[in-house]
2 protein chains.
Amino acid sequence: MNLPPLIQSFVLHFGEMGSRWGINRTVGQIYALLYVSPEPLCADQIVEGLGISRSNVSMGLRELQAWNLVILRHIPGDRRDFFTAPDDIWQILRTLAEERKKREVDPTLSVLRELIMQQPGSEEERYAQSRLMEMNGLIEQLTNWYDDVKGLDTERLATLLSLGSRVTRLLDAKDRIASLGRKRRGDGQP
Amino acid sequence: MNLPPLIQSFVLHFGEMGSRWGINRTVGQIYALLYVSPEPLCADQIVEGLGISRSNVSMGLRELQAWNLVILRHIPGDRRDFFTAPDDIWQILRTLAEERKKREVDPTLSVLRELIMQQPGSEEERYAQSRLMEMNGLIEQLTNWYDDVKGLDTERLATLLSLGSRVTRLLDAKDRIASLGRKRRGDGQP
DNA sequence: CTGAATTTTCAGAAATTTCCGAAATCAGGT
DNA sequence: ACCTGATTTCGGAAATTTCTGAAAATTCAG
C-alpha cells in the first residue's frame with residue numbers, strides 16, 4: 001500500500017469497518033480512497049494506491065456501482081474509466097440509507113407479510129404469527145417515517161435532526177392544553 | 001431442522017438475513033426461534049429445533065448475550081439456563097440501535113477525530129482532512145439526534161415517527177411569518 | 001478490419017469464518 | 001469430596017468468501 005500516512009490510516013480503518021457492514025475489506029478501502037481523493041481515480045491508480053490486484057479492483061468497483069456509491073466519469077481523450085465518490089455527503093447518506101433498506105429490510109418485510117397471510121396450523125404458529133405481526137408493524141412505522149423524511153431537502157433534514165426530541169415537547173404542551181379544556185368542560189378521557 | 005413450517009420459514013429467512021447484517025446464520029436462526037417462542041427455551045431445545053450442534057448453540061447464545069438481545073432466565077428447580085427475547089419490540093429496537101451504533105459508528109467517529117487532529121503533511125492530506133471533517137460533522141449530527149431521541153418513551157417515539165416530515169412544515173410557516181415581520185419593518189436578511 | 005489499450009470474467013488458490021465433537025470446566029446435590 | 005448434569009472451550013474439519021492471474025471480451029483509433 002502506497003499512500004500518505006493519514007490517508008492510509010483512514011483507508012485501513014474503513015476496510016476493517018467494511019466487514020462489520022455487509023461489504024468486504026477491499027470494497028471499503030476502495031471507497032475510502034475515492035472519498036478522500038480530490039480528483040476521480042482510474043482503476044490502475046487504485047491498484048497502485050492499495051496494492052491489490054487489478055481484477056479485485058474491478059470487482060470492487062462493480063460492487064460500489066451496484067450500491068450507487070460511486071460515479072463513473074470520463075476524461076476527454078482518455079479511454080480509461082475514472083471513478084469518484086459524490087461530493088455531497090448528505091447525498092451519500094441518502095444513497096446509503098436507500099440501499100441498505102433495499103437489501104436489509106425490504107426482503108424481510110416481504111417475508112413477514114407472506115407468513116402473516118398464511119393460515120396457522122397450530123397454537124405455536126398462531127403465537128408466532130402474532131409476534132411476526134408486531135415486528136411487521138414496527139418495521140412499517142419505521143419505513144413510513146423514512147419514506148416521508150427521505151424526500152426532504154438537506155436544509156430541512158438538518159433542521160429536523162437538530163430539533164430531535166423537542167418536537168414531542170410541543171405536542172405534549174398542546175395535549176395538556178387540550179386535556180385541560182376537556183377537564184373544565186368535564187367530558188371524556190383525561 | 002424440526003419446526004412447524006411457518007416458524008421454520010421465518011427462522012431460515014432470519015438466518016439468511018443475518019449474514020447481511022454483522023451476525024452469522026446460526027445466530028440469526030437462534031434469535032428468530034427465541035423471538036417466536038412463547039416460553040423461554042433451553043439450549044437443548046434449540047439444538048433440537050434447529051438441528052445444529054450443542055457447542056454452536058452455546059457460541060450463538062453467548063454472542064446474543066453480548067448484544068443484549070437475549071435474556072437469561074432460570075426456572076425454579078431446574079439447573080438449566082433458559083433464554084428468551086424481550087417481549088417489548090420497541091425495547092428490542094432500542095437495544096439493536098444502541099449496539100449497532102457502538103459497533104458500527106463509534107469506532108469510526110474516534111478514528112475520524114484522531115485523524116482530524118493530526119498535522120497534514122501535504123496538500124493531499126489537507127484535502128483528505130477536509131473530507132474527514134465533513135464526514136465527522138455529519139455523523140455527529142446524526143448521533144446527536146439519536147442521543148436526544150433514544151431517551152423518549154415509546155409513546156412519544158411513536159408520535160415522533162408518525163409526525164415525520166410534517167415537523168418541518170410547521171417551522172417553515174413560522175419562518176415565513178418571521179420573515180414577513182422583518183420585511184414590513186424593513187431590516188436584514190430575507 | 002486490425003491491433004493496442006482497457007475492462008471483465010472465471011477457475012482455482014488463499015484466507016477467513018463457521019461449525020462440530022471431544023475434552024475441560026463449572027455448579028450444585030449427596 | 002465426589003458424582004451428575006449442564007455449559008464452555010478449543011483444535012481442527014468443513015464451508016464460505018475473498019483474491020489473484022490468466023484468458024476472454026470490449027472498445028476505440030487508425
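It should be emphasised that the depicted structure is a prediction, and the values quoted were computed from it without experimental measurement.
- The phosphate of dT7(C) (OP1 or OP2) has no side-chain N or O of S58(A) nearer than 4.0 angstrom.
- I46(B) places its CD1 atom 11 Å from the P atom of dT8(D), with the value rounded to the nearest Å.
- By the neighbour-count criterion of 12 heavy atoms within 6.0 Å, atom CZ of R156(A) is sparsely surrounded, having that number or fewer from other residues, nucleotides or ligands.
- A salt bridge is absent between R20(A) and E99(B): the closest approach of a Lys/Arg side-chain nitrogen to an acidic carboxylate oxygen does not fall below 4.0 angstrom.
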Checklist entry - Taking it one step at a time, do R25(B) and E63(B) satisfy salt bridge (charged side-chain N to carboxylate O under 4.0 Å, His left out)? => result CA-CA 12 Å; R25(B) 187 152 20 98; E63(B) 170 124 8; over 6 Å; no
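- Between the C1' atom of dC19(D) and the CG atom of L50(A) lies a distance of 13 Å, rounded to the nearest Å.
- Ring orientation note: the planes of W145(A) and W145(B) are close to parallel, at an angle under 30° on the 30°/60° scale.
- Atom CG of D81(B) and atom P of dA27(C) are 11 Å apart (whole Å).
- Between the C1' atom of dG21(D) and the CG atom of D44(A) lies a distance of 15 Å, rounded to the nearest Å.
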Report, one pair per line, the protein and nucleotides 23-26 of chain C atoms (nitrogen or oxygen only) whose separation is under 3.5 Å.
none

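- Between R131(A) and E134(A) there is a salt bridge, since at least one side-chain N of the basic residue sits less than 4.0 Å from a carboxylate O of the acidic one.
- Using a cut-off of 4.0 Å between Lys/Arg side-chain N and Asp/Glu carboxylate O, E140(B) and R113(B) are scored as salt-bridged.
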What pairs of nitrogen or oxygen atoms, one from the protein and one from nucleotides 18-22 of chain C, lie under 3.5 Å apart?
unit_1  : atom_1 : unit_2 : atom_2 : d
dC19(C) : OP2    : T26(B) : OG1    : 2.6
dC19(C) : O5'    : N56(B) : ND2    : 3.4
dC20(C) : OP2    : S53(B) : N      : 3.0
dC20(C) : OP2    : S53(B) : OG     : 3.0
dC20(C) : OP2    : N56(B) : ND2    : 2.8
dG21(C) : N7     : S55(B) : OG     : 3.2
dG21(C) : O6     : S55(B) : OG     : 2.9

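- When all heavy atoms of L160(B) and S165(A) are compared, the closest pair comes out as CD1-CA, 4.3 Å.
- If you check residues 64-80 of chain B against DNA chain D, the residues with a heavy atom closer than 4.0 Å are R79(B), R80(B), listed by number.
- Comparing R62(A) and S19(A) along DNA chain C, the residue whose closest nucleotide (by nearest heavy atom) sits nearer the 5' end is R62(A).
- At a threshold of 4.0 Å, the pair R126(B)-E123(B) counts as salt-bridged, since one of the basic side-chain nitrogens sits closer than that to a carboxylate oxygen.
- What separates CD of E16(B) from C1' of dT17(D) is a distance of 15 Å, to the nearest Å.
- Figure legend: R103(A) and W67(A) shown as a cation-pi pair, the cationic atom lying under 6.0 angstrom from the six-membered ring centre and within 45 degrees of its axis.
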